[in-house]
Amino acid sequence: MKSKIYEFDPVLYPFPIHVTKDFDKEELKSIYNGTNSEGDEVPLDIDIPSTTTARTFQAVEKESGNHYYLVCLLKPEDIGAGIVAHEADHITNAYLQDLGFSLPTPWNDEPHAYFLQWVTDCIWSVLINEPEEMKGVLLDQKSGEQ
């Protein structure tokens with residue numbers, strides 16, 4: 001099976017987002033490494049419980065060394081808005097920490113809210129088979145290599 005991975009470019013932020021719902025675990029392991037809490041590269045641990053519906057990874061593409069947030073929609077038929085928002089919040093909080101922002105308060109939460117909305121829309125677009133609506137690019141079509 002050829003994995004379908006979509007890339008979304010946040011333009012102003014350092015790491016693109018990769019989202020997939022049609023993928024082969026072994027193929028993903030051959031493309032990406034994961035990172036541990038210290039930021040070191042480790043094998044991508046995608047062997048997760050069968051009850052998990054979606055999972056977000058901080059990933060490093062083995063070939064290029066580029067960093068990404070990788071969202072795997074494991075059980076698309078069981079995913080609703082809440083799970084998409086949950087995964088989007090993981091990415092949003094990680095981005096803001098990477099950029100040196102503190103967690104939001106009611107007085108400074110607008111950047112957090114806008115970015116969270118964009119990430120949620122990207123993930124949702126893959127879930128409903130409309131990634132082009134958020135300018136998602138299928139990696140095969142981007143590089144012609146994967």
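- Note that CD of Gln117 and OG1 of Thr120 are 8.0 Å apart. Values are rounded to the nearest 0.5 Å.
- In this structure, Ser125 OG and Glu133 CD are separated by 8.5 Å, a value rounded to the nearest 0.5 Å.
- Both Val119 and Leu99 belong to a single network of hydrophobic side chains, linked directly or stepwise wherever heavy atoms of I, L, V, M, F, W or Y lie under 4.5 Å apart.
- Put simply, CG on Leu96 and CG on Asp109 are 11.0 Å apart, with the number rounded to the nearest 0.5 Å.
- The distance from atom NZ of Lys4 to atom NZ of Lys2, rounded to the nearest 0.5 Å, is 12.0 Å.
- Other residues, nucleotides and ligands contribute only 12 or fewer heavy atoms inside 6.0 Å of the NZ atom of Lys135.
- Considering every non-hydrogen atom in both Ile123 and Ala88, the closest pair reads CD1-N, 3.9 Å.
- Without hydrogens or angle criteria, Thr20 side chain to Cys72 main chain gives no donor-acceptor distance under 3.5 Å.
- Under 3.5 Å, the side chains of Glu61 and Ser64 contain a donor-acceptor pair of N or O atoms.
- Relative orientation of the Trp118 and Phe115 rings is tilted, given thresholds of 30° and 60° on the angle between their planes.
- Both Ile17 and Ile79 belong to a single network of hydrophobic side chains, linked directly or stepwise wherever heavy atoms of I, L, V, M, F, W or Y lie under 4.5 Å apart.
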For side chain to side chain contact (heavy atoms under 4.5 Å, CB included), just list the numbers for Phe8 and Val19, CA-CA rounded to whole Å, side-chain angles, deciding distance to a tenth of an Å, and then say yes or no. CA-CA 8 Å; Phe8 298 90; Val19 182; 3.9 Å; yes

Indicate every side-chain donor-acceptor pair of residues 37-58 with a distance under 3.5 Å to a residue at least two apart or in another chain.
from	atom 1	to	atom 2	distance (Å)
Glu41	OE1	Asn33	ND2	2.9
Asp47	OD1	Lys29	NZ	3.4
Asp47	OD2	Lys29	NZ	2.9
Thr52	OG1	Pro49	O	3.3
Thr56	OG1	Glu87	OE1	2.6

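- The side chain to side chain donor-acceptor pair (under 3.5 Å) with Tyr32 is formed by just one residue from the set His18, Glu63, Glu27; it is His18.
- Linking ILVMFWY side-chain heavy atoms closer than 4.5 Å, directly or via other members, places Ile128 and Ile83 in a single hydrophobic cluster.
- Residues Ser30 and Lys62 approach most closely at O-CD, 3.4 Å, considering heavy atoms.
- Of the possible donor and acceptor atoms, one in the side chain of Ser3 sits under 3.5 Å from a partner among the backbone N and O of Asp24.
- For Leu116 against Ala85, the heavy-atom pair with the smallest separation is CD1-O, 4.2 Å.
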Apply side chain to side chain contact (heavy atoms under 4.5 Å, CB included) to the pair Ile5 and Leu138, showing each step before the final yes or no. CA-CA 6 Å; Ile5 304 165; Leu138 186 62; 5.7 Å; no

Decide yes or no on side chain to side chain contact (heavy atoms under 4.5 Å, CB included) for Tyr68 and Glu7, but give the supporting numbers first. CA-CA 9 Å; Tyr68 300 96; Glu7 181 172 292; 3.5 Å; yes

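- The nearest pair of heavy atoms linking His67 to Pro16 is O-CD, 3.9 Å.
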